[in-house]
Amino acid sequence: MGGTPELKLYNTLTREKSVFKPIDAENVRMYVCGPTVYDYAHIGNARPVIVFDVLFRLLRHLYGESHVTYVRNITDVDDKINARALRDYPGLSLNAAIRAVTEKTETQFLDDALALGSLDPTVQPRATDNIAEMIEIIERLIAKGHAYQASGEVLFDTKSMAEYGQLSKRNLDEQQAGARVAVDAHKKTPGDFVLWKLSDDNEPGWESPWGRGRPGWHIECSAMSGRYLGDVFDIHGGGLDLIFPHHENEIAQSRCAHGTDVMANVWMHNGFLQVEGRKMSKSEGNFVTIYELLHTETFAGRQWPGEVLRLAMLMTHYREPIDFSVKRLEEAERLLAKWPAAEPGDAKPDATVLNALADDLNTVVAVQALHALAQSGNAAVFAASAALLGVLPKKTEIDEAVATEIDARVKARLELLKAKNFAEADQIRDTLAAEGIQLKDGKDPATGERVTTWEVKK
Ligand code: AMP
Ligand code: ZN
């Protein structure tokens, strides 16, 4: 391919970086594990969203926009969701409460992903729309001797698969050593995992050959990837923490059900976003949500634009850990401020940027090259290159005169707020909102004065 670089990706399965060869160059297929929608996503969860969006953009560039299928699922059945539903909506029926939790969280996640400059994946399936597919895989696994029923559960029999543990390089005996035998007395092997479990009346459930129940976590991804991408596909991604047990178990289910040598050819995992050296996570309590960063002053007393968060993430290679800090965000913001807001037109992306991305998504080198381009003055090439990373500085689609007029109305509102005339101030805000202009209130950290910025709603 003249002028097109060879794409190399690091594969967790082989622990090597190698040349990527799609199964079908007309339809390159990628699956990434999406969020469990019980609570707002934190900025650590944003990392796979951004990293695999860059890969999606690169694949579209290399193979053609219509030749890439990217599936990112929504996990909307999980015991954490049930717990949240009961806690937050005690007055509703269980089903209605679950729907309230998952709809609200999913909508927020999609807003977050958009604000972080991510393209919509080709398909965003929900687990609960794929229960029949899960049941079918489980039936097949039982028929082939890879799964069994015990104590109200259907379990995957890990001993039935010789290559179980290949991705995480764990062997069954190691897993057995650490297992809690008493709790797992119904399992043939302690590492056996749940495919289906029976539900009580106060738990969500679907009819199945094994009674009314709900799926285990791993089976969802086998069902949804199989449905939309086929038995074997090109790339499977997610964060490092998913290698074991989630991805290991997805592989076991899919390979054994379909009788294939692999589930996906390339397995890619992003490193952790950390706080003081520890993985950001809900359970550690050291998290800040994407929503808080974008829309509140929780983090360092101010709001942070989506493109700043995104660039801050891409300034480190996706496999390295990131320490999340104000300094890093400020650095990203300073860079963005120096970049032109331009249109790519027909321009092709710069070769250095493209080659860096084709080398296992080396966004560090790509960002440096972008910065050099920004100084070089060729705004169209800069824009075409920035679009590959999805970090184009925002260009308002409003001309000078209109912008000046909006500025004046925003200023008038600030005066009204100062005079405590909230009704009229709100009216200005609402009228602007109706015109598609969104106001963001903040504080000038230097003077403590109230400041308001505005942007055109997407
Ligand atoms: P979860 O909702 O915990 O299943 O996570 C959703 C996605 O975010 C998965 O791909 C995780 O691997 C990823 N993830 C969770 N925490 C972090 C973190 N601190 N840094 C990077 N990725 C993370
Ligand atoms: Zn998954």
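Counting from 1, the numbers follow the sequence of the chain as shown. Order of appearance sets the numbers: ligands from 1, and atoms from 1 within every ligand.
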From the options Asp360, Thr363, Asn270, select the one residue that forms a side chain to side chain donor-acceptor pair (under 3.5 Å) with Tyr318.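 Only one option passes, and that is Asp360.
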The atoms of ligand 1 lying under 4.0 Å from a heavy atom of Lys279, numbered in the order shown, are 16 (N), 19 (N)
Relative to the heavy atoms of Asn270, which atoms of ligand 1 are at a distance of less than 4.0 Å?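 Checking each atom against Asn270, I get 21 (C), 22 (N).
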What protein heavy atom sits nearest [atom], and how far away is it?
atom                    : value
atom 12 (O) of ligand 1 : Asp241 OD1, 2.4 Å
atom 4 (O) of ligand 1  : Thr36 OG1, 4.3 Å
atom 23 (C) of ligand 1 : Gly44 O, 3.4 Å
atom 20 (N) of ligand 1 : Leu273 N, 2.8 Å
atom 9 (C) of ligand 1  : Leu242 CD1, 3.7 Å

Under 3.5 Å between any N/O of Leu240 and any N/O of ligand 1: does that happen in this structure?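 No, since none of the N or O atoms of Leu240 sits under 3.5 Å from an N or O of ligand 1.
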For ligand 1, is there an N or O atom under 3.5 Å from any N or O atom of Gly34? no
Just go through Ala41, Gly239, Pro48 and tell me whose heavy atom is the nearest to atom 7 (C) of ligand 1. Pro48
Selected option - heavy-atom contact closest to atom 19 (N) of ligand 1, from Met280, His247, Gln274, His246: Met280
[Y] side chain reached by [X] side chain, heavy atoms, under 4.5 Å:
X      : Y      : value
Ile290 : Leu116 : yes
Pro48  : Val51  : no
Val28  : Phe20  : yes

Step by step, work out the salt bridge (Lys or Arg N to Asp or Glu O under 4.0 Å) result for Lys279 and Glu284. CA-CA 8 Å; Lys279 177 192 168 198; Glu284 289 269 359; over 6 Å; no
Between His247 and His218, does the side chain to side chain donor-acceptor pair (under 3.5 Å) criterion hold? Intermediate values first, please. CA-CA 8 Å; His247 288 168; His218 318 300; over 6 Å; no
Consider only side-chain N and O atoms of [X] and [Y], and report whether a donor and an acceptor are under 3.5 Å apart.
X      : Y      : answer
Asp53  : Tyr70  : no
Ser199 : Arg214 : yes
Tyr31  : Asn73  : yes
Glu220 : Thr75  : yes
Asn249 : Tyr164 : yes

With a 4.0 Å cut-off on heavy atoms, is His42 in contact with ligand 1?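 Distance cut 4.0 Å: His42 passes for ligand 1.
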Where's the contact between Asn45 and ligand 1, heavy-atom distance under 4.0 Å: side chain, backbone, both or neither? both
Over all heavy atoms of both residues, which pair between His246 and Glu250 is shortest? Give the atoms and the distance, please. NE2-OE2, 2.7 Å
Residue and atom names of protein N/O/S atoms that fall under 2.8 Å from the Zn ion (ligand 2): Cys33 SG, Cys221 SG, His246 NE2, Glu250 OE2
